[in-house]
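For this chain, numbers begin at 1 and follow the sequence in order.
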Amino acid sequence: MLFNSYIFMFGFLPVVLAGYFALNRFRLFKYAKLWLALSSLVFYGWWNIRYIPLILLSILFNYTLGRYLHSGKFRPRTLLIFGLSANLLLLGYYKYADFFITNWNGLTGWHAAPLHLLLPLGISFFTFTQIAYLVDAYRHQASEYGLVNYILFVTFFPHLIAGPILHHKEMMPQFDRLRGKLWNWNNVLKGTLLFSIGLGKKVIIADTLAGFANSGFASAAHFVDSWVAVLSYTLQLYFDFSGYTDMAIGIALLFNIVLPQNFNAPYRALSIRDFWRRWHMTLSRFLRDYIYIPLGGNRKGFWISIRNVIITFLLGGLWHGAGWMFILWGLLHGVGQAVEKLWARRGTPLPKGIAWVLTFAFINVTWVFFRAENLTIALRLLKGMSGINGLGISAVSGLMRWAIVLIVILLGVILLRRKTEIQVRSWKTVMAMALIFVISLFFFNRITPFLYFNF
């Protein structure tokens with residue numbers, strides 16, 4: 001079920017909200033949580049009911065293991081390694097089996113048949129969420145809750161499919177706050193505003209840019225059309241994913257649950273490291289806390305920290321998808337941060353303007369590898385972006401001119417807009433919210449899934 005669908009907005013969400021607050025109104029708090037957990041499973045099963053047993057088995061396994069880890073018995077370290085291995089094997093089977101089979105066949109000449117498994121929706125996110133829980137339980141940083149609470153922690157539908165990636169301690173205590181069980185008009189208005197903004201980002205902006213990006217990645221070869229294609233994708237990915245996050249945070253607020261922010265103007269970053277502090281922030285936190293720091297972080301010397309950051313982003317690239325292009329994308333980000341560390345040792349920081357241009361150019365180049373299906377397409381676009389094949393000004397169509405205008409406007413908004421906290425202060429804000437929502441409905445004739453559903 002998509003957030004940007006009629007069935008979700010006018011059917012599923014109102015029913016779930018009404019049931020949750022009605023049960024809380026009669027002080028049936030446990031049943032309210034159960035209602036929300038079951039509703040979240042319905043939300044997940046709407047896509048493919050066959051995978052509900054899979055997510056439930058994963059939840060039951062990790063919940064049981066977490067209880068043993070929390071108790072401190074039965075060799076906690078061994079249990080943790082077993083739990084992490086089981087989760088990674090499950091993820092590897094569904095997400096990477098065909099990738100390894102194909103590459104093994106290429107290396108050895110074997111002809112093993114690919115499995116052609118349908119990737120369970122959101123498996124990367126709910127697996128990482130539960131890995132974080134196991135590690136936190138091992139460190140005694142996750143309080144012990146009942147099974148229904150744990151099911152709700154993993155499946156709470158606003159974050160289930162594409163994040164944000166949560167810590168147990170961030171969300172579960174919120175469900176037990178008495179004031180969180182009451183209907184809160186301030187949160188409802190703020191959440192609806194966030195949802196409307198996210199909906200507009202997705203269906204009005206991101207899906208419009210998708211047409212320019214798709215056609216450009218299919219055929220662009222000159223300077224202008226290649227840059228239009230790449231910038232379109234750069235902006236599409238941001239508005240698509242940040243739009244999803246805004247909608248997820250907004251929906252959670254309707255239930256008086258505050259989810260962590262996932263974006264903070266990433267294209268204003270002045271370094272690659274700064275970019276990852278602003279882009280998909282909960283994934284960056286996960287990679288730092290559960291890969292980079294356990295590898296040693298920067299505690300074991302400069303060159304070990306260089307190795308650790310490259311390994312971390314190689315794994316981050318692989319997490320995004322089973323393909324060499326994702327691995328190359330992750331490697332580029334790891335090496336890019338290594339180069340920044342080396343430059344920082346010189347003690348000569350770049351002027352902010354130059355730092356931004358270099359960072360933004362690097363981000364755009366790496367998005368080419370992230371989006372391109374193979375190296376041939378990526379190299380064609382990179383040659384076009386460099387101007388080797390000519391400017392291609394004569395081939396600029398009227399539609400591409402509109403694309404250029406849209407890109408310039410959106411980049412200006414991203415770079416110049418001051419970040420302010422979302423507040424519903426007057427009827428003008430409510431009217432603007434309603435206008436965005438209504439305009440978005442006119443774009444529902446081209447409903448598309450969110451890009452990060454693929455990861």
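Separation of the F21 and W183 ring centroids falls under the 6.0 Å cut-off. You'll find the ring centres of W279 and F275 inside the 6.0 Å limit. Aromatic rings from W324 and F99 are positioned such that their centres are separated by under 6.0 Å. Ring centers of W47 and F43: at least 6.0 Å apart, outside the cut-off. Taking the six-membered ring where the residue is Trp, the centroids of F12 and W46 are separated by 6.0 Å or more.
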Could you tabulate the donor-acceptor pairs under 3.5 Å formed by side-chain atoms of residues 369-376, not counting sequence neighbours?
residue : atom : partner : partner atom : Å
R371    : NH2  : N214    : OD1          : 2.9
N374    : OD1  : T376    : N            : 3.1
N374    : OD1  : I377    : N            : 2.9

Tell me which donor-acceptor pairs under 3.5 Å the side chains of residues 75-82 have, and how far apart each pair is, sequence neighbours excluded?
none

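When the ring-ring contact (aromatic ring centres under 6.0 Å, His included) test is applied to F362, the partners found at least two apart in sequence or on another chain are H333. Residues passing the ring-ring contact (aromatic ring centres under 6.0 Å, His included) test with W303, sequence neighbours excluded: none. Under the ring-ring contact (aromatic ring centres under 6.0 Å, His included) criterion, F26 pairs with no residue, sequence neighbours left out. Scored by the ring-ring contact (aromatic ring centres under 6.0 Å, His included) test, F195 finds no partners at all (sequence neighbours excluded). Listed by chain and number, the residues in a side-chain hydrogen bond (donor to acceptor under 3.5 Å, both in side chains) with N184 amount to none (sequence neighbours excluded). Residues forming a salt bridge (charged side-chain N to carboxylate O under 4.0 Å, His left out) with R278 (at least two apart in sequence, or on another chain): D274. Listed by chain and number, the residues in a salt bridge (charged side-chain N to carboxylate O under 4.0 Å, His left out) with E170 are R285 (sequence neighbours excluded).
Using modelled atom types, one finds no donor on one side chain facing an acceptor on the other under 3.5 Å when comparing S305 with K300. A donor-acceptor contact closer than 3.5 angstrom links the side chains of N364 and T234.
For N308 (side chain) and N298 (main-chain N/O), no donor-acceptor pair under 3.5 Å exists by modelled atom type. The backbone N or O of P114 lies less than 3.5 Å from no partner atom in the side chain of D98, so there is not a single donor-acceptor pair. The backbone N or O of I363 lies less than 3.5 Å from a partner atom in the side chain of T366, making a donor-acceptor pair. A donor-acceptor contact shorter than 3.5 Å is absent between the side chain of S39 and the backbone of V16. Checking side-chain atoms of D240 against main-chain N and O of A206 turns up no donor-acceptor pair under 3.5 Å.
Below 30°, between 30° and 60°, or above 60°: for H280 and H320 the angle between ring planes is above 60°, a perpendicular geometry. Taking the six-membered ring where tryptophan is involved, the planes of W104 and W110 are perpendicular, since the angle between them exceeds 60° and thus also 30°. Aromatic ring pairs are classed by plane angle as parallel below 30°, tilted from 30° to 60° and perpendicular above 60°; the pair F360 and W356 is parallel.
Note on residues 337-362: no pairs pass salt bridge (Lys or Arg N to Asp or Glu O under 4.0 Å), not counting sequence neighbours. Sorted by first then second residue, the side-chain hydrogen bond (donor to acceptor under 3.5 Å, both in side chains) pairs that include residues 146-155, not counting sequence neighbours, are Q130-Y150. Residues in residues 10-33 take part in these salt bridge (Lys or Arg N to Asp or Glu O under 4.0 Å) pairs, two or more places apart or across chains: K33-D176.
The side-chain tip of K202 does not point at the ring of F239 from less than 6.0 angstrom away and within 45° of straight on. The cationic group of K95 lies under 6.0 Å from the six-membered ring centre of W319 and within 45° of the ring axis, placing it in a cation-pi geometry.
Summarising the geometry, atom CG belonging to L259 is positioned 10.5 Å from atom CG belonging to L194; distances are rounded to the nearest 0.5 Å.
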### Task
Give the C-alpha distance, both sets of side-chain angles, the deciding distance and a yes or no for ring pair (Phe, Tyr, Trp, His ring centres under 6.0 Å) between Y51 and Y44.
CA-CA 8 Å; Y51 283 116; Y44 186 77; 7.8 Å; no
### Task
Quick one: do F175 and F255 satisfy ring pair (Phe, Tyr, Trp, His ring centres under 6.0 Å)? Show the steps, please.
CA-CA 9 Å; F175 281 104; F255 296 91; 8.2 Å; no
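When each of N4, I197, L199 is paired with S440, the side chain to side chain contact (heavy atoms under 4.5 Å, CB included) condition holds for L199 and for no other.
Salt bridge D136/K169: absent, no basic N to carboxylate O contact under 4.0 Å.
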